[in-house]
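Basis for what follows: all heavy atoms, side chains included, without hydrogens, waters or symmetry-related copies.
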Amino acid sequence: MIGAQWGDEGKGKITDLLSRSADVVVRYQGGVNAGHTIVVKGQTFKLHLIPSGILYPETKCIIGSGTAIDPQVLIAELDRIESLEISTRNLLISETAHVTMPYHRLIDKASEERRGNHKIGTTGRGIGPTYADKSERTGIRMLDLMDPKGLREQLEWTINYKNVILEKLYNLPPIDVSAVIEEYLGYAERLRRHVVDTSLEIYQAIRERRNILFEGAQGTLLDLDHGTYPFVTSSNPVAGGACVGTGLGPTHIDRVIGVAKAYTTRVGEGPFPTELSGEIGEQLCSIGAEFGTTTGRKRRCGWFDGVIGRYAVRINGMDCLAITKLDVLDGLEEIKVCVAYEIDGSRTENFPSSSRKFARCRPIYKTFPGWQQSTSNCRNLEDLPPQALDYLKFLAELVEVPIAIVSLGASRDQTIIVEDPIHGPKRGLLHADGTPASLETA
């Protein structure tokens, strides 16, 4: 399950929903820069590292090797979950996942500040520097954390090296080597029982024919290779990232489920063709409670963008789509959908690779009448106002995949299941006669 926009699509709720049918839920990339919010019986859970399936006691939850783990945040999440009498015995952490250290956070914030007008919009949680050390082969992995002697030797050299950068480049005070070592050895003892070879656990689950749900963080347009570079995250949220981030062979993946809002949001810097700067944008932000789970930053809001929707379908090999927050559009007199871009005088329906070119794109819209009535209590397609149903049908035809789920609020029960996306019949992107798959046929 992947995000089909710039993240914040409501993946937490959809993961929680799909976890009912899953034996194993796996988080495969990202770090504490991600945030999934789930509302169950009026209780709100905000998770950054622990997979959303943790709320189902029999579900095995795995944090894969492609994640960046901040032990301090992870332990705080464990404490929060356990205080609510929710078991964490089935949580497993990859021994090869990389660890976010204090110097990663310091360097992240300092480097972003130094960029000035060229800021990326990082969360400042140290994710980029963690992945940079991974690529530079100087990172600390969870298995290193489990080895006190080896950890001391590695951190003594690494922290002294990072202190040179902190002092000389950023004019920051050095980090106390001994204090960091003792702090992280304490984290290791708390987490030790959860740390295993998760790739083997996943393989065994496949051999036992278990249902496995791979949970992506962020979204397609924030992918390091395929997003709006450089305004991206430092990992691969796309479907292919599930293989690299878990040790899973690609032939084992049966279905790719995308999640998209009924409109579009973006946090941080970078081009956003359908962004709304006036009253309607503020209305979407207010009604949709568009503030980041991780940072609390206000999200930029705009109309649904069909160009990036089609791009997400193509990049991920998407089979079906979950549309969230349809209810946020309930009060609007008219609703627009971007069907193409105008760039330098020419029309295009394809997403450009260049961020500079993307910044010059102007949306070409199709306008729909609003339904101006509440949908939050709808539980079947026939309950929806005709205009809302027409809107959903158009989105499905525009991005060329069927819509399997429609979310109409934060709670589990505020959902229309059009088709079971795990157990339902698998469809191709087009029907045999070449017409696009639509909600009507899903």
Task: For D197, all residues meeting side-chain hydrogen bond (donor to acceptor under 3.5 Å, both in side chains), sequence neighbours excluded - done: S199
TODO: Sequence neighbours left out, what passes side-chain contact (heavy atoms from CB on, under 4.5 Å) with A262? Give chain and number order.
DONE: I323, L326, L329, Y391
Residues 60-68, side-chain donor-acceptor partners within the protein, below 3.5 Å, at least two apart:
| residue | atom | partner | partner atom | Å |
| --- | --- | --- | --- | --- |
| K60 | NZ | E201 | OE1 | 3.1 |
| S65 | OG | G245 | O | 3.3 |
| T67 | OG1 | G64 | O | 2.6 |

TODO: For Y229, enumerate each residue passing the ring-ring contact (aromatic ring centres under 6.0 Å, His included) test, keeping only those at least two apart in sequence or located in another chain.
DONE: none
Task: Residue list, side-chain hydrogen bond (donor to acceptor under 3.5 Å, both in side chains) with E349, at least two apart or on another chain - done: R347
Task: Within residues 168-178 or reaching into it, pairs that qualify as side-chain hydrogen bond (donor to acceptor under 3.5 Å, both in side chains) - sequence neighbours excluded - done: none
Task: salt bridge (Lys or Arg N to Asp or Glu O under 4.0 Å) contacts in which one or both residues fall within residues 128-145, not counting sequence neighbours - done: D133-K162
TODO: Can you sort out the partners of Y56 under ring-ring contact (aromatic ring centres under 6.0 Å, His included), two or more places apart, ordered by chain and number?
DONE: none
Task: Residue pairs fulfilling salt bridge (Lys or Arg N to Asp or Glu O under 4.0 Å) with at least one residue in residues 256-268, sequence neighbours excluded - done: K261-E290
Open item on the list: Show every side-chain hydrogen bond (donor to acceptor under 3.5 Å, both in side chains) that has at least one partner inside residues 147-161, sequence neighbours left out.
Closed with: R152-E182
Open item on the list: Under the rule for ring-ring contact (aromatic ring centres under 6.0 Å, His included), what residues qualify as partners of Y263, not counting sequence neighbours?
Closed with: none
Open item on the list: Tell me every residue that passes salt bridge (Lys or Arg N to Asp or Glu O under 4.0 Å) with R360, counting only those two or more places apart in sequence or in another chain.
Closed with: D344
